[in-house]
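For reference, the structure is listed below as structure tokens.
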There are 2 protein chains.
Amino acid sequence: MASPPVSVGRPATIHDIAALCGVAPSTVSRALSTPDRVNVRTRERIQAAAVELNYTPNSQAKALSSGRTAAVGVLVPDITNPFYFDLIRGTQLQLKAAGYTQLLVDTEESDEVEASTLEQLRKSSDGVIVAASRLNDESLAAAAARMPMVTVNRDVDGVPAVIIDTPSAMTQALDHLISLGHISVAYIAGPVVSQSSARRWAALTQVAEDRGVQVRNLGPFAPKKQSGAAAADAAVHSGVTACIVFNDLIAIGMLQRLRERGIRVPEDMSIVGCDDIFGADFCNPPLTTLSSPIEQAGRVAVSMLLAQLNPLGGGGVRSRSVMPTHLTVRGSTTSAPGN
Amino acid sequence: MASPPVSVGRPATIHDIAALCGVAPSTVSRALSTPDRVNVRTRERIQAAAVELNYTPNSQAKALSSGRTAAVGVLVPDITNPFYFDLIRGTQLQLKAAGYTQLLVDTEESDEVEASTLEQLRKSSDGVIVAASRLNDESLAAAAARMPMVTVNRDVDGVPAVIIDTPSAMTQALDHLISLGHISVAYIAGPVVSQSSARRWAALTQVAEDRGVQVRNLGPFAPKKQSGAAAADAAVHSGVTACIVFNDLIAIGMLQRLRERGIRVPEDMSIVGCDDIFGADFCNPPLTTLSSPIEQAGRVAVSMLLAQLNPLGGGGVRSRSVMPTHLTVRGSTTSAPGN
DNA sequence: GTGAAAGCGCTAACAA
DNA sequence: TTGTTAGCGCTTTCAC
């Protein structure tokens, strides 16, 4: 690589290019952003000059005058929850491909942080993707009315969403347990503000009724591995022989606790998690769980958001996208105790 | 909360406030950013009006005129590597506390992506934190000369850095293995472009020489769990009885492979990882590994960067910060085979 | 202590 | 096709 002939001073602007080419700055602007609206020869001169001067557009200036920031906010409640890695990677890849910058924010499971972040992002981004929002429906709908938004794992009227196919998931999980002979099952609930958790419980009770088995609700528990101990104790105390757990973080914590207490999984207690996070395949014992294409969910969310931003012809804007789920069975399989 | 008396139209600007208060826009600007340069009474009127109009400064405009973006880029090679969760959370918390926005980018283990990201961030951020850079020393130093930078786990002349205390880490790991009777140890190397890996190997050979034991270098391996299978096979084939592994991701992969092959850990082979990532405590068997305060490393990196940005009085700018390490021993402990 | 005015770098009418 | 002219919302001299 030849050393670039850059004047080491301040970064080049369209004015520098304009001067070098003997044209007006606006022509440079056009040549660079709408090339077909400019004479081929001048365009090429300008593009060459841009390269020579090592020009990079100033995104702030662009944003200020155009009103578009080319940035998208991505809000997750807890960045240390592995569930969000794949989601984040999905959004990041898709956003980058579309020329957008991702502004990732960890809202720390707090509705206040989430609300203030959204307010701030209203000006500094073109739209947001909100995963597992902790806001109530009203606040979320209000925020969505003020800025382009796509939610993930959260269904609110009028807000485009990517969600997991919960009914199918719960059906697969419960049927699996039933096939092992379980008739008394607990649902280990997540945070009360988690719509995912509520949806899972609702779906589960429905299937349970249909199948004629007992399910009981235990919790709520924070979506952390540490919560697993309390959850495990509660499950054991309740006398159930199997648990469907809000997420794998809690489920893995339960596995650890049960092992400490000498309760064997799955011989004495069956556990089914949700999400198939990093770790679910190598914990001890390996965790049976509900898997979904999360990275793809991230990409879909981005596509839906960009469709809102650039409503060019073709199909309308999808308002709801349901990701498939399947049960991943791991470890040894045993009948329910007493069978 | 009373419903805000906001005109639902476009967001308020300092002009709106100025009009409402009968002062000049510049006075509003001063009242809001340098309050002491404004008469107490006008200041209070202005601040009240700002609240009433639900004013939020436009960060783009601020950036354009002031040259400061109040944003900091954070680059990691692979966002799905749990090692970076804690780091990212550390940077995020500290940045938010200081009023900065975090721009997180996954550089996908690619030096090109990293370089172009840095170039782009030069204009759109006030500085960057680069974790485990895949750039060569020259490029990285050049980039650091163009913009405020702090590296994590990467030591380059003239670039402020937060690093792990590698010599101590390797000493602890090797001494632990020696105390179990091992005399033939392999180092499972990470990517060739990883300075961390090189540093660990260098430190390890030094300690090994001092202690009079054999260490051999196996690899390189990609820092992914999938690489663990090849690494495990290589280790077994090499005849060593213990491995010190570049990172926990690979180490966990090795655990899985060894278990498949019926090779017991630690009875037949001892494994020591690095990083103590999510999963190291609940994998099977639990992983003995080297732990460091990674979230704190993130916070320290931010502090060092902000010190560069606001070189106000007090101490000078720290150019190097070394995080402590300790060995976390997990699982059963057994003597080396043959002892 | 406050106002007027000149930009920051770019886009977007509107003319030419 | 290209140039001219206004701004986008804010900071920052420089006067008053």
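Because only heavy atoms are used, hydrogens play no part in the values below, and waters and symmetry mates are left out as well, while side chains stay in. A, B, ... follow the sequence lines: proteins, then strands. Residue 1 opens every chain.
If you check D:dT11, C:dG9, D:dT4 against the side chain of B:S66, the one that comes closest is D:dT11. Comparing atom distances between the B:I14 side chain and each of C:dT11, D:dT11, D:dG9 picks out D:dT11 as nearest. Across D:dT2, D:dG9, C:dG1, the shortest atom-to-atom separation from the side chain of B:N39 is found for C:dG1. Considering only side-chain atoms of B:T27, the nucleotide from C:dG3, D:dC8, D:dT11 that sits closest is C:dG3. Listed candidates were C:dC8, D:dT11, D:dG3. Nearest to the side chain of A:R30 is D:dG3. The side chain of B:S29 lies closest to D:dT12 when the candidates are D:dT12, D:dG9, D:dT2.
Put simply, the residue from A:E114, A:E112, A:E109, A:E108 that forms a side chain to side chain donor-acceptor pair (under 3.5 Å) with A:R134 is A:E109.
The CG atom of B:N58 sits 18 Å away from the P atom of C:dC8 (whole-angstrom rounding). Atom CG in A:D126 sits roughly 15 Å away from atom C1' in D:dC8 (whole-Å rounding). With rounding to whole Å, A:K62 atom NZ is found 20 Å from D:dC8 atom P. For the pair A:I17 CD1 and C:dC10 C1', the computed distance is 12 Å after rounding to whole Å. To the nearest angstrom, P of C:dA12 lies 14 Å from CG of A:L32. Spacing between atom CG of B:L53 and atom C1' of D:dG9 amounts to 15 Å, rounded to whole angstrom units. At whole-Å resolution of the value, CZ in B:R43 and P in C:dT2 are 10 Å apart. We find that CZ of A:R37 is positioned 15 Å from P of D:dG3, with the value rounded to whole Å.
Between the side chain of A:S26 and the base of D:dT4, a donor-acceptor pair under 3.5 Å is found.
With DNA chain C read from its 5' end, the first of the two nearest nucleotides for B:P25 and B:K123 is the one closest to B:P25. Heavy-atom distances to DNA chain C give each of B:T42 and A:H15 a nearest nucleotide, and the one nearer the 5′ end belongs to B:T42. Each of A:V23 and A:A61 has a nearest nucleotide on DNA chain D; the 5'-most of these lies closest to A:V23.
If you check every strand for non-hydrogen atoms under 4.0 Å, B:P57 touches sugar and phosphate atoms only.
One finds a salt bridge joining B:D155 and B:R320 here, because a Lys/Arg side-chain nitrogen approaches an Asp/Glu carboxylate oxygen to under 4.0 Å. Taking a cutoff of 4.0 Å between a charged side-chain nitrogen and a carboxylate oxygen, B:D78 and A:R89 qualify as a salt bridge. The existence of a salt bridge linking B:R299 and B:D86 is excluded, since no basic side-chain nitrogen approaches an acidic carboxylate oxygen closer than 4.0 Å.
Side chains of A:Q60 and B:S124: no donor on one and acceptor on the other come within 3.5 Å.
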